[in-house]
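Please read the structure below before turning to the comments.
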Amino acid sequence: MRRDNAIPLLLSLAAALLVLSGLLELPTVIFYPAATGLGLAVLLLTLLWKRRQERRESAFANSVCETLDALMDGREPENYHPYEDSQLSKVQGQLLQYHDRTQAGQRQSEADKQTIQELVSDISHQVKTPIANIRMFTDILRQPELPEEKRKEFLSTLAAQVHKLDFLMQSLIKMSRLEAGTFALHMEDASLYDTIAQAVSGILTAAERKHIQISVDCDSRETVRHDPKWTAEALGNLLDNAVKYTPEGGSVHIRVRPWQFYTRVDITDTGIGIPEEHCNDVFKRFYRAQSSAASEGVGLGLYLARGIITRQRGYITLKSEVGKGSSFSVFLLR
């Protein structure tokens, strides 16, 4: 090939490469006369290539829009091929993941809203009775002709209702702090014996009133990493439950056994027992069995106990037999 013809041809090829790479606009391409045929061919190929790219981009955009329309309508995208190795499938996969997370957030929001509504309903139901009683006895005590003996009796009943309302409010405050995670745990290697002693001190009066024997089997040197204050609260709720549902003359036994990873605290009573089908229900908020309707309580003690122990990476189990008693086992991580 002559050098005179080779140079224009090389220049035309270089121009064609620049066009294909998008570095030159089509109108600015200069074709030398010796390569006019080649230049026209390159121009045609370039136009066909650009048209093809436009169709691809249009198809890609339409597919993405169809996917979005399907997701907004709550349908499964028809053109989604998850195992296809393409840019479209990757974009669709990201859109589906975002949609799933959004839906999960909405479901959680609805569940939280439902929980709040149930909580407000439960609280209003629990508060209604003592407030109604307080109003009733207050009106009675205003009567000047009321005998002094009756006045003292009604004052005592009124004080009991106020105490019940105060107990309910304190329990609700603890529950709200527990659920909101606003209470602070101060974990430390502390004496479990001292924590149990603190819990027992809160139920001694009630136990003595019913002639219930309290026994503790715990090494005074036993230490466990826990929050003494909140753990005593949890154990105290379990002990209060045991004393409350144990008949007069019964017994409550506390036994501590160190394991390899956990320290186990068993609280066993000789009470009325819990039917097997309700062993999980007793840990629910505001749950009260029919057999316990005559006993005082609002159904928050065991719920709070499990929440407190769980937040210390422990857990509680229950074994019970109707008429023979119950055994709550608290497992604290060592």
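Residue indices begin at 1 and follow the sequence shown. Just so you know, these numbers use all the heavy atoms, side chains as well, and skip hydrogens, waters and symmetry mates.
Between I131 and L165 the shortest heavy-atom distance is CG1-CD2, 4.2 Å. In plain terms, the two heavy atoms of I309 and Y315 that are nearest each other are CG2-N, 3.4 Å. Closest heavy-atom contact between R107 and D100: NH2-O, 4.4 Å.
For CG of N280, the number of neighbouring non-hydrogen atoms (other residues, nucleotides, ligands) closer than 6.0 Å is 12 at most. Other residues, nucleotides and ligands place more than 12 heavy atoms under 6.0 Å from the NZ atom of K210.
When hydrophobic clusters are built by joining Ile, Leu, Val, Met, Phe, Trp and Tyr residues whose side-chain heavy atoms come closer than 4.5 Å, directly or via intermediates, F328 is grouped together with I214. Cluster membership check: Y193 does not share its hydrophobic cluster with L235, using side-chain heavy-atom separations under 4.5 Å among Ile, Leu, Val, Met, Phe, Trp and Tyr. In this structure, V265 is a member of the same hydrophobic cluster as L318, with clusters built from ILVMFWY side-chain heavy atoms closer than 4.5 Å. By the criterion of side-chain heavy atoms lying less than 4.5 angstrom apart, applied directly or through intervening Ile, Leu, Val, Met, Phe, Trp or Tyr residues, V200 is grouped together with I316 in one hydrophobic cluster.
Between the side chain of T268 and the backbone N or O of S327, no donor-acceptor pair lies under 3.5 Å. Using modelled atom types, no side-chain atom of H163 and backbone atom of Q161 make a donor-acceptor pair closer than 3.5 Å. Formation of a donor-acceptor pair under 3.5 Å by the D217 side chain with backbone atoms of R255 is not found in this model. No side-chain donor-acceptor contact under 3.5 Å links T263 to the backbone of W259.
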Result block: side-chain N/O donor-acceptor pairs under 3.5 angstrom for residues 143-156, not counting sequence neighbours:
residue : atom : partner : partner atom : Å
R151    : NH1  : L141    : O            : 2.8
R151    : NH2  : Q143    : O            : 3.2

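Ion pairing between a basic and an acidic side chain is recognised when a charged N comes within 4.0 Å of a carboxylate O; E233 and K174 show such pairing.
Applying the salt bridge (charged side-chain N to carboxylate O under 4.0 Å, His left out) test to R257 and every residue at least two apart in sequence or in another chain returns D266. Scanning for salt bridge (charged side-chain N to carboxylate O under 4.0 Å, His left out) contacts around D227 gives an empty result, with sequence neighbours left out.
For the pair R306 and F283, the cation sits on the ring face: its NZ or CZ lies under 6.0 Å from the ring centre, inside 45° of the axis.
Judged by distance alone, the side chains of H226 and T231 never bring a donor and an acceptor atom under 3.5 Å apart.
Using a 4.5 Å heavy-atom cutoff, the side chains of I254 and L239 are in contact.
Screening D240, I272, T270 for a side chain to side chain contact (heavy atoms under 4.5 Å, CB included) involving Y245 leaves a single residue, I272.
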